Amino acid sequence: MLLTDTCASQGLIEFIERCPSMFHTVATVRTRLDAAGFVYLPERAAWFMDPGGSYYTVRNGSSIIAWHVGRELPQDGFHFQIAASHADSPTFKLKAVSELAGPGDYLRLDIEPYGGTIDYTWFDRPLSLAGRVLVRDGSRVESRLFALDRDVALIPSLAIHLDRSVNDAFSPDRAVDLYPLASAGELTHGAVNTLVAEELGVDPTAILARDLFLVNRQKPQVWGAADEFISAPKLDDLMCAYTALEAFLASGNERDISVYVCFDNEEVGSHTKQGAGSTLLRDTLERINGRIGRTPESLVRALASSMLVSCDNAHAIHPNHPEKADEANDPRLNRGIVIKEAANQHYCTDAFSRAVFSAVLDDAGLPYQTFANRSDMAGGSTLGNISNAHVSMHAIDVGCPQLAMHSSYETAGAYDVQLVIDALTAFYNADIQIDGAEAAVIA
């Protein structure tokens, strides 16, 4: 068994605790980039760029792209090496009018699902709220981060005495069973805005709009007699957002433009102004190309020579349901990064991208695994091909193996955190020279 220490897992735990919403994730990434000397370039501003410079931009406060311009970029042709993850996770979003009165003195929250939640995992656990709030201050409307450091709601189960069939089948009605309880009588209509206003130190009338989500504040932890496991909310996909960020900041490739991307809205299809289906990545790469003095044709050439690693967690073989996994492509916890492939092209991996990425890891002496769905199961998809429809380049889908994906509390291998950081660092550091789909040289 290939083992490593769990120090990197502690870093992941701290990262997750700072990221109760996609807006907080971007703010946390920005803090790390600022500390590392990166320069913020707002999309609305004129951009500048120097060889050896490090920069980042943000869209909607919930997606971020960072890059480093290598000092030794070839004059005749350059390329990008990109790792992309996502900041959002399945949860429930408060509606604009978010309070339901009754029955009796109860006050409930009116919510709707965000992404493909495993609904039953949200029952009977204290929940908090986090996201962003738009506040008016005179003539100015500004966005403020919001995260309660206490629990204020809970989705109660129906007692087994009132539903004797609950252990036979449980399929909660999202318009009946999933409303969180917020008060037994002490709070009344307007309590949510009052709560938010008190936390932000503003008058409730100053609050114009909110993007608020339910948050499971259960502490992430490394556990097991041999410290083999890490469990936490939002491992999909904060585990990849974190490992890719650590790799990006640890790398030092001066022969390319290294890029870190963390998109929003992957869990709801990516087709938003800040998702992988938006213009965000292409807009950024086009502006980088222009600011380093290259022509539009140079960008087309660069993209043809570039590589995207789409990082989104993968399904580990389940201990109680091994029959759900493909017999030969069944990733295990603590065995390293997973390369995902599907004949239906729901993953962007093909033979060329698999070969190049595998060669990078082989040269670094790092382990990797493969995932494919059972042939009678449709499986999921992720941001790689969605992004590639707008900015086409060689691409591969990878992830950290995990259990209970889309649960409110997920589990992965504690040792995989460092193994995946090492794998993505190797990718960033490799000088990958791609010649169409015919050949690649890895230095």
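Index from 1, following the sequence. Quick caveat, the model's predicted, so the values are computed rather than measured.
Of all non-hydrogen atoms in Met22 and Asp88, the two that sit nearest each other are CE-CB, 3.7 Å. Between Val26 and Gly61 the shortest heavy-atom distance is CB-O, 3.5 Å.
Evaluation of the salt bridge (charged side-chain N to carboxylate O under 4.0 Å, His left out) test over residues 359-382, restricted to residues two or more places apart or in two chains, returns Arg374-Asp376. Pairs of residues two or more places apart, or lying in two chains, that qualify as salt bridge (charged side-chain N to carboxylate O under 4.0 Å, His left out) and include a residue from residues 67-87 are Asp76-Arg301.
Aromatic ring centres of Phe248 and Phe38: separated by under 6.0 Å. You'll find the ring centres of Tyr260 and Trp67 outside the 6.0 Å limit. Under the 6.0 Å cut-off for aromatic ring centres, Phe170 and Tyr120 do not qualify, their centroids lying 6.0 Å or more apart.
Counting only heavy atoms from C-beta outward, the side chains of Arg32 and Leu249 approach each other to under 4.5 Å. Residues Leu281 and Ile65 meet the side-chain proximity criterion, which asks for heavy atoms closer than 4.5 Å.
A salt bridge is defined here as a Lys NZ or Arg NE, NH1 or NH2 lying under 4.0 Å from an Asp or Glu carboxylate O, and Asp416 with Arg335 fails to meet this definition.
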- Message: Walk me through whether Glu112 and Lys95 qualify under salt bridge (charged side-chain N to carboxylate O under 4.0 Å, His left out).
- Response: CA-CA 7 Å; Glu112 57 184 321; Lys95 295 180 181 179; 5.5 Å; no
- Message: Set out, in order, the CA-CA distance, both residues' side-chain angles and the distance that settles salt bridge (charged side-chain N to carboxylate O under 4.0 Å, His left out) for Asp151 and Arg125, then state yes or no.
- Response: CA-CA 9 Å; Asp151 297 312; Arg125 60 171 71 241; over 6 Å; no
- Should Tyr179 and Phe92 be marked as a ring pair (Phe, Tyr, Trp, His ring centres under 6.0 Å) after you check the CA-CA gap, both sets of side-chain angles, and the distance that decides it? CA-CA 10 Å; Tyr179 292 127; Phe92 295 87; over 10 Å; no
- Message: Does Asp34 form a side chain to side chain donor-acceptor pair (under 3.5 Å) with Tyr56? I'd like the steps, not just the answer.
- Response: CA-CA 9 Å; Asp34 290 340; Tyr56 71 91; 2.8 Å; yes
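The residue from Asp256, Val391, Ile288 that alone fulfils the side chain to side chain contact (heavy atoms under 4.5 Å, CB included) condition with Phe80 is Ile288.
Take Arg332 and apply the side chain to side chain donor-acceptor pair (under 3.5 Å) test, not counting sequence neighbours, and it matches Asp330. Checked against side chain to side chain donor-acceptor pair (under 3.5 Å), Asn265 has the following partners two or more places apart in sequence or in another chain: Tyr114, Thr272, Gln274. Applying the salt bridge (charged side-chain N to carboxylate O under 4.0 Å, His left out) rule to Glu199 yields the partners Arg150; only residues at least two apart in sequence or on another chain are considered. Partners of Asp283 by salt bridge (charged side-chain N to carboxylate O under 4.0 Å, His left out), not counting sequence neighbours, listed by chain and number: Arg59.
With Trp47 as the aromatic partner, Arg287 meets the cation-pi criteria of under 6.0 angstrom to the ring centre and within 45 degrees of the ring axis.
Judged by distance alone, the side chain of Asn344 and the main-chain N or O of His346 form a donor-acceptor pair under 3.5 Å.
Note that CZ of Phe78 and OG of Ser305 are 9.5 Å apart. Values are rounded to the nearest 0.5 Å.
No side-chain donor-acceptor contact under 3.5 Å links Ser251 and Thr425. Side chains of His68 and Ser54: a donor-acceptor N/O pair is present below 3.5 angstrom, by distance only.
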